[in-house]
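These notes concern the structure reproduced below.
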Amino acid sequence: MKKIEAIVKPFKLDDIKDRLDEIGIHGMTVTEVKGFGRGGGKAPVYPGAEYVIDFVPKMKIEIVVADELVHPAIEAIMEAARTGHVGDGKIFVSTIDEAFRIRTGESGPEVLS
Amino acid sequence: MKKIEAIVKPFKLDDIKDRLDEIGIHGMTVTEVKGFGRGGGKAPVYPGAEYVIDFVPKMKIEIVVADELVHPAIEAIMEAARTGHVGDGKIFVSTIDEAFRIRTGESGPEVLS
Amino acid sequence: MKKIEAIVKPFKLDDIKDRLDEIGIHGMTVTEVKGFGRGGGKAPVYPGAEYVIDFVPKMKIEIVVADELVHPAIEAIMEAARTGHVGDGKIFVSTIDEAFRIRTGESGPEVLS
Ligand SMILES: Nc1ncnc2c1ncn2[C@@H]1O[C@H](COP(=O)(O)OP(=O)(O)OP(=O)(O)O)[C@@H](O)[C@H]1O
Ligand SMILES: Nc1ncnc2c1ncn2[C@@H]1O[C@H](COP(=O)(O)OP(=O)(O)OP(=O)(O)O)[C@@H](O)[C@H]1O
Ligand SMILES: Nc1ncnc2c1ncn2[C@@H]1O[C@H](COP(=O)(O)OP(=O)(O)OP(=O)(O)O)[C@@H](O)[C@H]1O
Ligand SMILES: [Mg+2]
Ligand SMILES: [Mg+2]
Ligand SMILES: [Mg+2]
(Lines give C-alpha, C1' and ligand atoms only; values in the text may rest on other atoms or scores of the structure.)
(Ligands and ions follow the chains in the order given, each with its own letter.)
Protein backbone atom coordinates (compact mmCIF):
# COMPACT_ATOMS: atom_id res chain seq x y z
CA MET A 1 0.00 0.00 0.00
CA LYS A 2 1.16 3.53 -0.76
CA LYS A 3 0.16 6.99 0.38
CA ILE A 4 -0.11 9.58 -2.37
CA GLU A 5 0.13 13.12 -1.04
CA ALA A 6 -0.71 15.87 -3.54
CA ILE A 7 -0.33 19.58 -2.76
CA VAL A 8 -2.60 21.35 -5.24
CA LYS A 9 -4.40 24.58 -6.07
CA PRO A 10 -7.60 24.61 -3.99
CA PHE A 11 -9.96 25.34 -6.92
CA LYS A 12 -8.83 22.07 -8.54
CA LEU A 13 -10.13 19.86 -5.74
CA ASP A 14 -13.48 18.99 -7.36
CA ASP A 15 -11.91 18.07 -10.71
CA ILE A 16 -9.35 15.87 -8.99
CA LYS A 17 -12.01 14.17 -6.93
CA ASP A 18 -14.13 13.50 -10.03
CA ARG A 19 -11.20 11.97 -11.92
CA LEU A 20 -10.31 9.75 -8.99
CA ASP A 21 -13.95 8.65 -8.64
CA GLU A 22 -13.85 7.59 -12.32
CA ILE A 23 -10.98 5.18 -11.62
CA GLY A 24 -12.64 3.79 -8.50
CA ILE A 25 -10.87 5.82 -5.83
CA HIS A 26 -13.39 7.28 -3.38
CA GLY A 27 -11.57 7.53 -0.05
CA MET A 28 -9.36 10.53 0.58
CA THR A 29 -8.47 13.05 3.26
CA VAL A 30 -8.08 16.75 2.51
CA THR A 31 -6.30 19.40 4.60
CA GLU A 32 -6.06 23.16 4.08
CA VAL A 33 -2.36 24.05 4.15
CA LYS A 34 -0.06 26.98 3.49
CA GLY A 35 2.37 26.39 0.68
CA PHE A 36 5.80 27.84 0.20
CA GLY A 37 7.66 27.04 -3.02
CA ARG A 38 9.72 28.58 -5.78
CA GLY A 39 7.64 31.64 -6.59
CA GLY A 40 5.43 31.01 -3.59
CA GLY A 41 6.95 33.93 -1.71
CA LYS A 42 6.98 36.30 -4.63
CA ALA A 43 3.37 37.47 -4.36
CA PRO A 44 3.14 41.24 -4.77
CA VAL A 45 2.41 43.28 -1.68
CA TYR A 46 -0.68 45.32 -2.37
CA PRO A 47 -0.75 48.95 -1.18
CA GLY A 48 -2.22 48.99 2.28
CA ALA A 49 -1.36 45.37 2.95
CA GLU A 50 -0.38 44.96 6.58
CA TYR A 51 2.15 42.22 6.02
CA VAL A 52 3.99 40.53 3.23
CA ILE A 53 1.96 37.67 1.81
CA ASP A 54 4.57 34.98 1.48
CA PHE A 55 2.58 31.82 1.32
CA VAL A 56 -0.10 30.53 -0.97
CA PRO A 57 -3.18 28.63 0.25
CA LYS A 58 -3.06 25.05 -1.02
CA MET A 59 -4.99 21.85 -0.46
CA LYS A 60 -3.21 18.69 0.60
CA ILE A 61 -4.97 15.56 -0.67
CA GLU A 62 -3.97 12.27 0.93
CA ILE A 63 -5.00 8.97 -0.62
CA VAL A 64 -3.92 5.53 0.52
CA VAL A 65 -4.20 3.01 -2.32
CA ALA A 66 -3.17 -0.53 -3.25
CA ASP A 67 0.12 -0.63 -5.18
CA GLU A 68 -1.48 -1.23 -8.57
CA LEU A 69 -3.52 1.98 -8.28
CA VAL A 70 -0.57 4.27 -7.52
CA HIS A 71 0.33 5.18 -11.08
CA PRO A 72 -3.26 5.47 -12.37
CA ALA A 73 -4.02 7.74 -9.42
CA ILE A 74 -0.96 9.92 -10.04
CA GLU A 75 -1.87 10.27 -13.75
CA ALA A 76 -5.43 11.25 -12.80
CA ILE A 77 -4.27 13.83 -10.28
CA MET A 78 -1.64 15.32 -12.60
CA GLU A 79 -4.08 15.73 -15.49
CA ALA A 80 -6.82 17.23 -13.33
CA ALA A 81 -4.50 19.51 -11.29
CA ARG A 82 -2.42 20.92 -14.15
CA THR A 83 -3.01 24.48 -15.36
CA GLY A 84 0.46 24.85 -16.92
CA HIS A 85 1.27 27.83 -14.70
CA VAL A 86 3.73 27.85 -11.81
CA GLY A 87 2.45 26.57 -8.52
CA ASP A 88 0.44 23.62 -9.89
CA GLY A 89 1.89 21.60 -7.05
CA LYS A 90 3.77 18.49 -6.13
CA ILE A 91 2.98 14.83 -5.54
CA PHE A 92 4.84 12.68 -3.00
CA VAL A 93 4.53 8.90 -2.65
CA SER A 94 5.41 6.92 0.49
CA THR A 95 4.86 3.42 1.85
CA ILE A 96 2.04 2.41 4.20
CA ASP A 97 2.79 -0.69 6.29
CA GLU A 98 -0.69 -1.42 7.62
CA ALA A 99 -4.27 -0.15 7.19
CA PHE A 100 -7.34 -0.78 9.35
CA ARG A 101 -11.08 -0.04 9.06
CA ILE A 102 -12.15 1.01 12.55
CA ARG A 103 -15.82 -0.05 12.24
CA THR A 104 -15.00 -3.71 11.56
CA GLY A 105 -11.42 -4.10 12.73
CA GLU A 106 -10.43 -5.49 9.28
CA SER A 107 -6.94 -4.80 7.98
CA GLY A 108 -5.06 -4.90 4.69
CA PRO A 109 -5.64 -3.40 1.23
CA GLU A 110 -9.31 -4.54 1.34
CA VAL A 111 -10.08 -1.66 3.70
CA LEU A 112 -8.99 0.94 1.15
CA SER A 113 -11.77 0.54 -1.39
CA MET B 1 9.50 3.75 15.25
CA LYS B 2 6.13 3.95 13.52
CA LYS B 3 3.65 6.69 12.82
CA ILE B 4 0.02 5.81 13.47
CA GLU B 5 -2.39 8.04 11.59
CA ALA B 6 -6.04 7.71 12.56
CA ILE B 7 -8.86 9.54 10.74
CA VAL B 8 -11.74 9.60 13.20
CA LYS B 9 -15.04 11.23 14.12
CA PRO B 10 -14.23 14.52 15.86
CA PHE B 11 -16.43 13.88 18.92
CA LYS B 12 -14.33 10.78 19.70
CA LEU B 13 -11.10 12.73 20.22
CA ASP B 14 -11.33 12.99 24.02
CA ASP B 15 -12.10 9.28 24.50
CA ILE B 16 -9.22 8.31 22.25
CA LYS B 17 -6.86 10.63 24.09
CA ASP B 18 -7.93 9.20 27.47
CA ARG B 19 -7.37 5.61 26.31
CA LEU B 20 -3.95 6.44 24.94
CA ASP B 21 -3.02 8.24 28.18
CA GLU B 22 -3.91 5.03 30.07
CA ILE B 23 -1.32 3.05 28.09
CA GLY B 24 1.33 5.75 28.52
CA ILE B 25 1.00 7.57 25.21
CA HIS B 26 0.80 11.31 25.79
CA GLY B 27 2.32 12.92 22.69
CA MET B 28 0.14 13.37 19.64
CA THR B 29 -0.65 15.87 16.91
CA VAL B 30 -4.22 16.55 15.77
CA THR B 31 -5.38 18.17 12.53
CA GLU B 32 -8.89 19.13 11.40
CA VAL B 33 -9.42 17.55 7.99
CA LYS B 34 -12.16 16.95 5.44
CA GLY B 35 -12.90 13.31 4.83
CA PHE B 36 -14.22 11.65 1.74
CA GLY B 37 -15.02 7.95 1.87
CA ARG B 38 -17.60 5.39 0.88
CA GLY B 39 -20.76 7.07 2.05
CA GLY B 40 -18.88 10.27 2.79
CA GLY B 41 -20.24 11.91 -0.31
CA LYS B 42 -23.76 10.60 0.08
CA ALA B 43 -24.97 13.19 2.60
CA PRO B 44 -28.43 14.43 1.66
CA VAL B 45 -28.69 17.94 0.28
CA TYR B 46 -31.05 19.84 2.52
CA PRO B 47 -33.57 22.15 0.85
CA GLY B 48 -32.02 25.58 0.57
CA ALA B 49 -28.47 24.23 0.81
CA GLU B 50 -26.25 26.33 -1.40
CA TYR B 51 -23.94 23.52 -2.42
CA VAL B 52 -23.71 19.77 -2.19
CA ILE B 53 -22.16 18.71 1.09
CA ASP B 54 -19.82 16.01 -0.05
CA PHE B 55 -17.28 15.77 2.68
CA VAL B 56 -17.44 15.03 6.37
CA PRO B 57 -15.36 16.86 9.00
CA LYS B 58 -12.88 14.45 10.58
CA MET B 59 -9.94 14.66 12.94
CA LYS B 60 -6.57 13.26 11.95
CA ILE B 61 -4.60 12.04 14.94
CA GLU B 62 -0.88 11.39 14.39
CA ILE B 63 1.15 9.51 16.97
CA VAL B 64 4.75 8.42 16.62
CA VAL B 65 5.53 5.47 18.90
CA ALA B 66 8.19 2.85 19.53
CA ASP B 67 7.50 -0.41 17.66
CA GLU B 68 6.27 -2.31 20.73
CA LEU B 69 3.51 0.27 21.30
CA VAL B 70 2.06 0.13 17.79
CA HIS B 71 -0.45 -2.66 18.34
CA PRO B 72 -1.53 -1.57 21.85
CA ALA B 73 -2.08 1.94 20.47
CA ILE B 74 -4.11 0.68 17.51
CA GLU B 75 -6.29 -1.45 19.83
CA ALA B 76 -6.88 1.55 22.09
CA ILE B 77 -7.80 3.82 19.18
CA MET B 78 -10.10 1.24 17.56
CA GLU B 79 -12.00 0.58 20.77
CA ALA B 80 -12.41 4.25 21.64
CA ALA B 81 -13.23 5.41 18.09
CA ARG B 82 -15.76 2.70 17.20
CA THR B 83 -19.48 3.50 17.12
CA GLY B 84 -20.38 0.62 14.79
CA HIS B 85 -21.81 3.00 12.20
CA VAL B 86 -20.30 3.84 8.84
CA GLY B 87 -17.60 6.48 8.84
CA ASP B 88 -15.85 5.39 12.04
CA GLY B 89 -12.61 5.92 10.18
CA LYS B 90 -9.35 4.40 9.14
CA ILE B 91 -5.94 3.82 10.66
CA PHE B 92 -2.72 3.87 8.62
CA VAL B 93 0.73 2.82 9.90
CA SER B 94 4.06 3.91 8.36
CA THR B 95 7.73 3.85 9.28
CA ILE B 96 9.62 6.73 10.93
CA ASP B 97 13.38 6.68 10.30
CA GLU B 98 14.48 9.26 12.88
CA ALA B 99 12.98 11.37 15.68
CA PHE B 100 14.43 14.39 17.50
CA ARG B 101 13.44 16.47 20.53
CA ILE B 102 14.19 20.06 19.55
CA ARG B 103 14.75 21.39 23.09
CA THR B 104 17.64 19.01 23.84
CA GLY B 105 18.75 17.81 20.42
CA GLU B 106 18.31 14.17 21.57
CA SER B 107 17.25 11.58 19.00
CA GLY B 108 15.80 8.06 18.92
CA PRO B 109 12.76 6.38 20.50
CA GLU B 110 13.59 8.00 23.89
CA VAL B 111 12.23 11.31 22.59
CA LEU B 112 8.77 9.84 22.02
CA SER B 113 7.69 9.31 25.62
CA MET C 1 14.33 11.49 -0.68
CA LYS C 2 13.12 12.08 2.84
CA LYS C 3 10.25 13.97 4.41
CA ILE C 4 11.14 16.06 7.44
CA GLU C 5 8.14 16.83 9.63
CA ALA C 6 8.71 19.41 12.35
CA ILE C 7 6.07 20.28 14.97
CA VAL C 8 7.08 23.70 16.27
CA LYS C 9 5.94 26.79 18.15
CA PRO C 10 4.00 28.94 15.67
CA PHE C 11 5.96 32.16 16.36
CA LYS C 12 9.14 30.39 15.20
CA LEU C 13 7.89 29.79 11.65
CA ASP C 14 9.53 32.86 10.07
CA ASP C 15 12.94 32.18 11.66
CA ILE C 16 12.82 28.57 10.52
CA LYS C 17 11.86 29.57 7.01
CA ASP C 18 14.72 32.10 6.85
CA ARG C 19 17.28 29.53 8.01
CA LEU C 20 16.06 26.99 5.47
CA ASP C 21 16.17 29.61 2.70
CA GLU C 22 19.84 30.24 3.59
CA ILE C 23 20.70 26.61 2.91
CA GLY C 24 18.73 26.55 -0.34
CA ILE C 25 15.50 24.98 0.86
CA HIS C 26 12.52 26.98 -0.39
CA GLY C 27 9.67 24.48 -0.78
CA MET C 28 7.66 23.54 2.26
CA THR C 29 4.07 22.93 3.38
CA VAL C 30 2.73 24.29 6.67
CA THR C 31 -0.35 23.12 8.60
CA GLU C 32 -1.93 24.55 11.74
CA VAL C 33 -2.26 21.67 14.21
CA LYS C 34 -3.17 21.02 17.84
CA GLY C 35 -0.34 19.55 19.85
CA PHE C 36 -0.52 17.29 22.85
CA GLY C 37 2.70 16.38 24.62
CA ARG C 38 4.31 16.02 28.01
CA GLY C 39 3.31 19.30 29.60
CA GLY C 40 1.01 20.09 26.71
CA GLY C 41 -2.06 19.29 28.80
CA LYS C 42 -0.87 21.09 31.90
CA ALA C 43 -1.92 24.59 30.88
CA PRO C 44 -3.70 26.35 33.77
CA VAL C 45 -7.44 26.76 33.55
CA TYR C 46 -8.18 30.45 33.86
CA PRO C 47 -11.15 31.52 35.98
CA GLY C 48 -14.16 31.73 33.75
CA ALA C 49 -12.69 29.39 31.17
CA GLU C 50 -15.45 27.22 29.77
CA TYR C 51 -13.34 24.15 29.21
CA VAL C 52 -9.93 22.78 30.09
CA ILE C 53 -7.31 23.93 27.62
CA ASP C 54 -5.46 20.72 27.00
CA PHE C 55 -3.77 21.27 23.72
CA VAL C 56 -1.31 23.81 22.44
CA PRO C 57 -1.49 25.37 18.96
CA LYS C 58 1.51 24.25 16.91
CA MET C 59 2.67 24.50 13.32
CA LYS C 60 3.59 21.40 11.37
CA ILE C 61 6.23 22.09 8.74
CA GLU C 62 6.71 19.42 6.07
CA ILE C 63 9.74 19.51 3.80
CA VAL C 64 10.71 16.87 1.26
CA VAL C 65 14.44 17.01 0.50
CA ALA C 66 17.16 15.03 -1.22
CA ASP C 67 19.01 12.70 1.19
CA GLU C 68 22.11 14.92 1.47
CA LEU C 69 20.02 17.84 2.72
CA VAL C 70 18.32 15.95 5.55
CA HIS C 71 20.86 16.65 8.26
CA PRO C 72 21.61 20.25 7.27
CA ALA C 73 17.86 20.90 7.27
CA ILE C 74 17.38 19.29 10.69
CA GLU C 75 20.24 21.36 12.14
CA ALA C 76 18.74 24.53 10.70
CA ILE C 77 15.28 23.76 12.08
CA MET C 78 16.57 22.77 15.54
CA GLU C 79 18.65 25.94 15.91
CA ALA C 80 15.87 28.23 14.73
CA ALA C 81 13.07 26.51 16.65
CA ARG C 82 14.82 26.14 20.00
CA THR C 83 13.88 28.40 22.91
CA GLY C 84 15.19 26.01 25.60
CA HIS C 85 11.75 25.79 27.22
CA VAL C 86 9.44 22.79 27.18
CA GLY C 87 7.30 22.39 24.11
CA ASP C 88 9.93 23.39 21.53
CA GLY C 89 8.74 20.46 19.48
CA LYS C 90 9.71 17.32 17.66
CA ILE C 91 11.17 16.40 14.30
CA PHE C 92 10.29 13.17 12.49
CA VAL C 93 12.01 11.85 9.36
CA SER C 94 10.49 9.34 6.92
CA THR C 95 11.20 8.02 3.43
CA ILE C 96 9.61 9.34 0.23
CA ASP C 97 9.57 6.85 -2.65
CA GLU C 98 8.67 9.17 -5.50
CA ALA C 99 8.13 12.90 -6.12
CA PHE C 100 6.50 14.66 -9.09
CA ARG C 101 6.14 18.28 -10.26
CA ILE C 102 2.58 18.56 -11.56
CA ARG C 103 3.21 21.41 -14.02
CA THR C 104 5.79 19.47 -16.04
CA GLY C 105 5.22 15.85 -15.09
CA GLU C 106 8.92 15.51 -14.10
CA SER C 107 9.83 13.18 -11.27
CA GLY C 108 12.76 12.50 -8.92
CA PRO C 109 14.82 14.65 -6.58
CA GLU C 110 15.16 17.36 -9.28
CA VAL C 111 11.57 18.43 -8.57
CA LEU C 112 12.37 19.29 -4.96
CA SER C 113 14.56 22.34 -5.50
N1 LIG D 1 10.20 20.29 -1.20
C2 LIG D 1 8.94 20.45 -0.77
N3 LIG D 1 8.53 19.88 0.37
C4 LIG D 1 7.26 20.01 0.81
N5 LIG D 1 6.34 20.71 0.16
C6 LIG D 1 6.68 21.29 -1.00
C7 LIG D 1 7.98 21.21 -1.52
N8 LIG D 1 8.03 21.90 -2.68
C9 LIG D 1 6.79 22.39 -2.87
N10 LIG D 1 5.99 22.03 -1.88
C11 LIG D 1 4.56 22.34 -1.76
O12 LIG D 1 3.98 22.31 -3.04
C13 LIG D 1 3.37 23.56 -3.32
C14 LIG D 1 3.46 23.84 -4.78
O15 LIG D 1 4.79 23.89 -5.18
P16 LIG D 1 5.12 24.48 -6.61
O17 LIG D 1 4.19 23.90 -7.62
O18 LIG D 1 5.16 25.97 -6.56
O19 LIG D 1 6.53 23.89 -6.86
P20 LIG D 1 7.60 24.48 -7.82
O21 LIG D 1 8.81 23.62 -7.70
O22 LIG D 1 7.72 25.95 -7.57
O23 LIG D 1 6.93 24.21 -9.24
P24 LIG D 1 6.42 25.26 -10.32
O25 LIG D 1 7.65 25.72 -11.03
O26 LIG D 1 5.50 24.49 -11.18
O27 LIG D 1 5.74 26.34 -9.55
C28 LIG D 1 4.10 24.54 -2.44
O29 LIG D 1 3.29 25.67 -2.20
C30 LIG D 1 4.32 23.71 -1.18
O31 LIG D 1 3.13 23.65 -0.42
N1 LIG E 1 -8.12 5.30 0.99
C2 LIG E 1 -8.13 6.35 1.81
N3 LIG E 1 -7.08 7.20 1.82
C4 LIG E 1 -7.05 8.26 2.65
N5 LIG E 1 -8.03 8.56 3.50
C6 LIG E 1 -9.09 7.74 3.54
C7 LIG E 1 -9.20 6.60 2.71
N8 LIG E 1 -10.37 5.97 2.98
C9 LIG E 1 -10.95 6.69 3.94
N10 LIG E 1 -10.20 7.73 4.29
C11 LIG E 1 -10.50 8.71 5.34
O12 LIG E 1 -11.14 8.06 6.39
C13 LIG E 1 -12.40 8.67 6.65
C14 LIG E 1 -13.37 7.65 7.15
O15 LIG E 1 -13.53 6.64 6.19
P16 LIG E 1 -14.72 5.65 6.38
O17 LIG E 1 -14.77 5.19 7.80
O18 LIG E 1 -15.99 6.25 5.84
O19 LIG E 1 -14.26 4.45 5.48
P20 LIG E 1 -15.19 3.39 4.85
O21 LIG E 1 -14.31 2.48 4.04
O22 LIG E 1 -16.33 4.09 4.17
O23 LIG E 1 -15.68 2.60 6.13
P24 LIG E 1 -17.15 2.47 6.70
O25 LIG E 1 -17.85 1.47 5.87
O26 LIG E 1 -16.96 2.04 8.11
O27 LIG E 1 -17.76 3.85 6.60
C28 LIG E 1 -12.77 9.33 5.34
O29 LIG E 1 -13.68 10.39 5.56
C30 LIG E 1 -11.42 9.81 4.85
O31 LIG E 1 -11.03 11.01 5.54
N1 LIG F 1 4.95 10.94 20.03
C2 LIG F 1 4.44 11.97 19.34
N3 LIG F 1 3.76 11.75 18.20
C4 LIG F 1 3.25 12.76 17.49
N5 LIG F 1 3.38 14.05 17.83
C6 LIG F 1 4.05 14.33 18.95
C7 LIG F 1 4.61 13.33 19.76
N8 LIG F 1 5.22 13.91 20.82
C9 LIG F 1 5.05 15.23 20.66
N10 LIG F 1 4.36 15.50 19.55
C11 LIG F 1 4.00 16.82 19.01
O12 LIG F 1 5.07 17.70 19.27
C13 LIG F 1 4.60 18.81 20.05
C14 LIG F 1 5.68 19.29 20.96
O15 LIG F 1 6.05 18.26 21.83
P16 LIG F 1 6.97 18.65 23.06
O17 LIG F 1 8.06 19.54 22.60
O18 LIG F 1 6.11 19.18 24.17
O19 LIG F 1 7.56 17.27 23.44
P20 LIG F 1 8.11 16.87 24.84
O21 LIG F 1 8.53 15.44 24.75
O22 LIG F 1 7.12 17.27 25.87
O23 LIG F 1 9.42 17.77 24.94
P24 LIG F 1 9.74 18.95 25.95
O25 LIG F 1 10.17 18.29 27.22
O26 LIG F 1 10.82 19.73 25.29
O27 LIG F 1 8.47 19.74 26.07
C28 LIG F 1 3.37 18.28 20.75
O29 LIG F 1 2.51 19.35 21.07
C30 LIG F 1 2.77 17.38 19.68
O31 LIG F 1 2.11 18.14 18.67
MG1 LIG G 1 6.21 27.31 -7.70
MG1 LIG H 1 -17.69 5.32 5.09
MG1 LIG I 1 6.42 19.17 26.19
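Treat the numbers as computed from the prediction; the structure is a model and nothing was measured. To find a chain, count down the sequence lines: A is the first, B the second, and so on, and within it residues start at 1.
Contact count versus chain C (heavy atoms, under 4.5 Å) is highest, among B:Val64, B:Thr31, B:Ile63, for B:Val64. In terms of non-hydrogen atom pairs under 4.5 Å with chain B, the most contact-rich of C:Val33, C:Ile4, C:Ile77 is C:Val33. Here B:Thr29 is the residue among B:Thr95, B:Thr29, B:Thr104 with the most heavy-atom pairs under 4.5 Å with chain C. Considering only heavy-atom pairs separated by less than 4.5 Å from chain B, the leading option among C:Lys34, C:Glu75, C:Glu79 is C:Lys34.
Counting only heavy atoms from C-beta outward, the side chains of C:Phe55 and B:Val30 never approach each other to under 4.5 Å. When side chains are defined from C-beta on, B:Glu32 does not count as touching C:Glu32, because their heavy atoms never get closer than 4.5 Å. Counting heavy atoms from C-beta outward, B:Asp97 and C:Phe92 have side chains that stay 4.5 Å or more apart. C:Val8 places a side-chain heavy atom less than 4.5 Å from the side chain of B:Ile102. No side-chain heavy atom of B:Phe100 sits less than 4.5 Å from a side-chain heavy atom of C:Lys90.
Contact annotation for C:Lys3: neither backbone nor side-chain heavy atoms come within less than 4.5 Å of a heavy atom of chain B.
Using a 4.5 Å cut-off between non-hydrogen atoms, no part of residues 106-113 of chain C approaches chain B.
When all heavy atoms of B:Arg101 and C:Met78 are compared, the closest pair comes out as O-SD, 4.2 Å.
Contact check on B:Glu98 versus C:Lys2 returns no salt bridge, with no Lys/Arg side-chain nitrogen under 4.0 Å from an Asp/Glu carboxylate oxygen.
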